[in-house]
Colleague: 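The structure that follows is given in the form of structure tokens.
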Protein chains: 2
Amino acid sequence: MVTRKEVAELAGVSEATVSRVFNGLGPMKEETKQRVLEAAKTLNYHPNAIAQSFARRRSGNLGVVLPYVPKVHLFSTYYFSEVLSGIGAKVKEMGYDLLLMFRSQDEESDYNDVFRSQKVDACIILGAADTPRERQQLKKLEEGGHPFCLVNQHFTGERFNEVDADHTAGSYSAVKHLLEKGYSRVAFLNGSSQFSNSGDRRQGYIQAMREAGMEPENLAHLYYEGNYSRTSGYRAAAAVYERRREIDAVFAANDRMAIGLMQGLRELGWEAGRDVAVIGCDNSDAARVTDPPLTSVAVPFYEMGSLAAQRLLEQVNGEPGGFQLKLDTELIIRQSCRKA
Amino acid sequence: MVTRKEVAELAGVSEATVSRVFNGLGPMKEETKQRVLEAAKTLNYHPNAIAQSFARRRSGNLGVVLPYVPKVHLFSTYYFSEVLSGIGAKVKEMGYDLLLMFRSQDEESDYNDVFRSQKVDACIILGAADTPRERQQLKKLEEGGHPFCLVNQHFTGERFNEVDADHTAGSYSAVKHLLEKGYSRVAFLNGSSQFSNSGDRRQGYIQAMREAGMEPENLAHLYYEGNYSRTSGYRAAAAVYERRREIDAVFAANDRMAIGLMQGLRELGWEAGRDVAVIGCDNSDAARVTDPPLTSVAVPFYEMGSLAAQRLLEQVNGEPGGFQLKLDTELIIRQSCRKA
DNA sequence: GTGAAAGCGCTAACAA
DNA sequence: TTGTTAGCGCTTTCAC
């Protein structure tokens, strides 16, 4: 390994000067600088990042915390893939590295562990749920003075750094679209209520339905709950089909459930886009390849990841103030909701 | 920050003893150990990973190098998602952390850059292509004495660490299946030839066809090449349809192309599973949700990632010998290739 | 503008 | 079984 010392010797300067040159600090004679750079080049010197981290007491890494999801190959979900891509691009742009941290099932471990080893300067938390335990852990993180940011999850009452999407507006526009097309008995297949965006979507749904003259208290028979998996959508199909005389459209809280639902309904003889309208959320790749293609609420996951990384790293670098961002969604219309 | 020194003082031992306790090294009196552990607990001491890395001259990180793919949200592809999940699980199990490294378009950067900063002890390279430039860079990496492993790519003539799948056998079984079902004019939609697995699949295809009495030299009109994207499959549909009287089945080198192909053919009035049989590769999630569901060659990407990480880290930890592994594939039969 | 020198928190070789 | 000590390669303060 080539050290700073050797470069200093070859260039005939002190080690401190070599550091200055490489960090672009302080005033220095152009000639000295060139001499150092040349020496570094001939020796093929490159600063040791770990030693730098050690001395600076900064790792130069951004951590991304992934939730523990049993028996699920995590990345295979559109949401994680996109968010991670967005984070990765921005992190690189800003000269950081990206450390992936997988949470374990282990009830013991709390978020502070992530920082304890000092391997990351900040972290983005994905897939957080709004449970008492989670809230408490995040508060502890905050108290510990550790910079972090949540993506696609909002904690009402807290001022955590967040980058979310406007799921309420997205759901509203989807249901509104159905109502405008003439559907009136719109069922809602929601995901787990522990995620804030489930609640948001529910609100958007209720708002649109109310504007169409349906009071929330009369909507119970139109409300179904899955867990965002394709299987849960598939299972919901039976229940929906049971009430087929009271339902002419279904809005699902994500594409996976919407797809499972369409499959299940088809097996029962009910075709999406013919016998019933279906809309999903995420506008994942899968929405394009189903039959019929799935109308879906597009969520800018990539941008959300990118923004979260950017704002968080800026904060780490001294930018003052927290942030709570909410990006727009967009309804992408395909054939699954065409009027029969 | 709580340092080792404070723990040592509180426990009434030397700093070295604290280190020993935390590293489980050397013989020590149980009582001393307990005293140290207790002191550490009261002070809430946790070793500083960066300082450890610095002193050990080991980062404790495994790097995963992702290829530069313009305009593609990388993780959204089944292959990367699965491999990465497998790596992540194993890396965690072995006490390492996972550093994601995105290659840039930049022609300058070579693989050695990845190691220069000393931020990783070894790396897994995904999406490598067999081009002269790539080969040369990998050789330089090897010469530099940097431990690395390739996944899903084989470099004939080299002894790089590799974890591959038996794509030849997988393709053979797919084509064989078609032939046994009575299809005889099986076209092949391959991906970019710069990936070794494209060549492997081609071989499997040719072998099966030859056994059915078709000589390779007569197969040219049955051979199509895309670039593994859905769009390229979609575009291939037109060409395939042109020759529809000479084709009764298509084997595609991945699911995305197969799906694009089915869509394209459908628009031309040709239904997969009715007018033509289609088989894909990867057995991705998407294969389950298309209409008709897509028969596909399952590749154990998750296991490949996991194995690559394990063997590579073992090697870093002194296990002797390189490795070239090849895992089995399996044909998953669905309706896209049923006999009309 | 540049150099000298004091850390940073830990590991590991050696001594006791 | 435990303590002492010399680094690890760099940043940063202070002095010149």
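Quick note on labels: first sequence line is chain A, next is B, and so on, each numbered from 1.
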Colleague: Of the listed nucleotides (dT12(D), dC10(D), dT2(C)), which one gets closest to any side-chain atom of Ala16(A)?
Modeller: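 Given the options dT12(D), dC10(D), dT2(C), the side chain of Ala16(A) is closest to dT12(D).
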Colleague: Under 4.0 Å: is that the gap between some side-chain N or O of Ser53(A) and OP1 or OP2 of dC10(D)?
Modeller: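 False: Ser53(A) side-chain N/O out of range (4.0 Å or more) of dC10(D) OP1/OP2.
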Colleague: Would you call Glu31(B) and Arg35(B) a salt bridge, using N to O less than 4.0 angstrom?
Modeller: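 Salt bridge: yes.
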Colleague: Counting side-chain heavy atoms from CB outward, which of dT2(C), dA5(C), dT2(D) is closest to Lys29(B)?
Modeller: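 Out of dT2(C), dA5(C), dT2(D), the nucleotide with an atom closest to Lys29(B)'s side chain is dT2(D).
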Colleague: Looking at dG3(D), does its base get a donor-acceptor pair with the side chain of Arg20(B) below 3.5 Å?
Modeller: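 Per atom types, the contact qualifies.
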Colleague: Please list all pairs passing the ring-ring contact (aromatic ring centres under 6.0 Å, His included) test where one or both residues lie in residues 124-150 of chain B, with sequence neighbours left out.
Modeller: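 Listed by first then second residue: Phe115(B)-His146(B), Phe148(B)-Phe160(B).
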Colleague: Ignoring backbone atoms, test whether Thr17(B) places a side-chain nitrogen or oxygen under 4.0 Å from the OP1 or OP2 oxygen of dG3(D).
Modeller: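 Result: yes.
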Colleague: Which of these nucleotides, dC10(D), dT2(D), dT2(C), is closest to any side-chain atom of Tyr45(A)?
Modeller: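 Between dC10(D), dT2(D), dT2(C), the one nearest the side chain of Tyr45(A) would be dC10(D).
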Colleague: Tell me: NZ of Lys5(A) to P of dA4(C), nearest whole Å?
Modeller: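 One finds 12 Å between P of dA4(C) and NZ of Lys5(A), rounded.
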Colleague: Provide, to the nearest angstrom, the distance between the CD atom belonging to Glu9(B) and the P atom belonging to dG3(D).
Modeller: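 It is 13 Å, rounded to the nearest whole Å.
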Colleague: Between Ser196(B) and Asp130(B), is any side-chain donor less than 3.5 angstrom from a side-chain acceptor?
Modeller: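 Their side chains do not contain a donor-acceptor pair, so the 3.5 Å distance test is not met.
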Colleague: Quickly work out the Arg56(B) CZ to dA12(C) P distance and round it to whole Å.
Modeller: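 It works out to 7 Å between those atoms.
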Colleague: Answer yes or no as to whether dC10(C) has its base stacked against Phe54(B), where stacking requires a ring-centre separation under 5.5 angstrom and planes under 30 degrees apart.
Modeller: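 Given the distance and angle limits, no, they do not stack.
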Colleague: Return the nearest nucleotide to the side chain of Pro27(A); candidates are dG3(C), dG3(D), dG1(C).
Modeller: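 So the side chain of Pro27(A) is nearest to dG1(C).
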Colleague: Could you check whether Ser19(A) gets within reach of a base, just the sugar-phosphate, or nothing at all, counting any heavy atom under 4.0 Å?
Modeller: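 Answer is base: heavy atoms of Ser19(A) come under 4.0 Å of a base.
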Colleague: Measure CG/Leu25(A) against P/dC10(D) and give the value in whole Å, please.
Modeller: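 Answer to the nearest Å: 15 Å.
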Colleague: Does the Thr42(A) side chain pair with the main chain of Glu38(A), one donor and one acceptor, at a distance under 3.5 Å?
Modeller: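 Here the side-chain-to-backbone pair exists.
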Colleague: Between atom CD in Gln52(B) and atom C1' in dC8(C), what is the gap in whole Å?
Modeller: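 Atom CD in Gln52(B) sits about 14 Å away from atom C1' in dC8(C).
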Colleague: Between dT2(C), dC10(D), dG9(C), spot the one nearest the side chain of Asn48(B), thanks.
Modeller: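 Within the option list, the nearest is dG9(C).
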Colleague: Provide, to the nearest angstrom, the distance between the CZ atom belonging to Phe22(B) and the P atom belonging to dA12(C).
Modeller: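 To the nearest whole Å, that distance equals 16 Å.
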Colleague: Measure from NZ or CZ of Arg103(B) to the centre of the six-membered ring of Tyr111(B), then state whether that distance is under 6.0 Å and the direction lies within 45° of the axis.
Modeller: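 Positive - Arg103(B) is close enough to the ring of Tyr111(B) and near enough to its axis.
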Colleague: Select one nucleotide: of dG9(C), dG1(C), dG9(D), the one nearest the side-chain heavy atoms of Ala55(A).
Modeller: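 Per side-chain heavy atoms of Ala55(A), the pick is dG9(D).
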Colleague: Which whole-number value in Å describes the distance from Glu15(B) CD to dC14(C) P?
Modeller: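 For the pair Glu15(B) CD and dC14(C) P, the rounded distance is 20 Å.
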Colleague: Hey, which of these two, Thr32(B) or Arg57(B), hits DNA chain D nearer its 5' end, going by closest nucleotide?
Modeller: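 Result: Thr32(B).
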Colleague: In whole Å, what is the span from the NZ atom of Lys33(A) to the C1' atom of dT2(C)?
Modeller: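 Roughly 16 Å, once rounded to whole Å.
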